[in-house]
Amino acid sequence: MSKSESPSDVERWLTSQTAGVGLAILGSLSLRRSPCIREKNCQACLSGEQHRSYVLYGRVKGRRISVYVPEELVPDVRRCLDNGRALQELLHEAAPRYIKALKRERTKASGGQAS
Ligand SMILES: [Zn+2]
């Protein structure tokens, strides 16, 4: 993190970092237990253990959404969620760096004082 980076340095840094992130998604994955619908006398249901299923909750254009995630797809979904969080971190990190770079550029252009 250089003290003299310009807005385009920040852009190049962010572009190179996000390029390596991979497919990124956001949402919250949760595990829920529910009884099965059809089967009667199901052992899992009778024992109270029930059936595990994963659901991804999120928001799309302000609307709450939930998507069923089959268990075998969970590792894949988790990986992309981790990527999403990594991307979010990068965007948060980019904000102060970019603003500082813009201020530095403005100061340089006007020959004035840094603020
Ligand atoms: Zn059952």
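The residues of the chain are indexed from 1 along the displayed sequence. Quantities reported herein were computed from a predicted structural model and do not represent experimental measurements.
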[atom1]-[atom2] distance between [X] and [Y], expressed to the nearest 0.5 angstrom:
| X | Y | atom1 | atom2 | answer |
| --- | --- | --- | --- | --- |
| Arg78 | Leu56 | CZ | CG | 11.0 Å |
| Arg104 | Ser6 | CZ | OG | 8.5 Å |
| Arg32 | His51 | CZ | NE2 | 13.0 Å |
| Tyr68 | Leu73 | OH | CG | 8.5 Å |
| Ser8 | Tyr98 | OG | OH | 9.0 Å |
| Thr18 | Asn83 | OG1 | CG | 11.5 Å |

Would you kindly confirm whether [X] and [Y] end up in one hydrophobic cluster when ILVMFWY residues are joined by side chain heavy atoms under 4.5 Å apart?
| X | Y | result |
| --- | --- | --- |
| Ile25 | Tyr54 | yes |
| Ile99 | Leu14 | no |
| Val67 | Val60 | yes |

(request) Given side chain to side chain contact (heavy atoms under 4.5 Å, CB included), test Glu5 with Lys100 step by step and report yes or no. (result) CA-CA 9 Å; Glu5 61 186 1; Lys100 278 176 195 158; over 6 Å; no
Test: [X] and [Y] ion pair at under 4.0 Å:
| X | Y | result |
| --- | --- | --- |
| Arg33 | Glu49 | yes |
| Glu93 | Arg97 | yes |
| Arg79 | Asp82 | no |

Could you report the tightest heavy-atom contact between [X] and [Y], atom names first, then the distance?
| X | Y | answer |
| --- | --- | --- |
| Asp9 | Ser4 | OD2-O, 4.3 Å |
| Ala24 | Leu87 | CB-CD2, 3.9 Å |
| Cys45 | Pro35 | SG-CA, 3.7 Å |
| Val74 | Val69 | CG2-CG1, 4.0 Å |
| Leu26 | Arg85 | CD2-N, 4.2 Å |
| Arg59 | Ile65 | N-CG1, 4.1 Å |

(message) Just checking Glu72: does its CD atom have more than 12 heavy atoms from other residues, nucleotides or ligands closer to it than 6.0 angstrom?
(response) yes
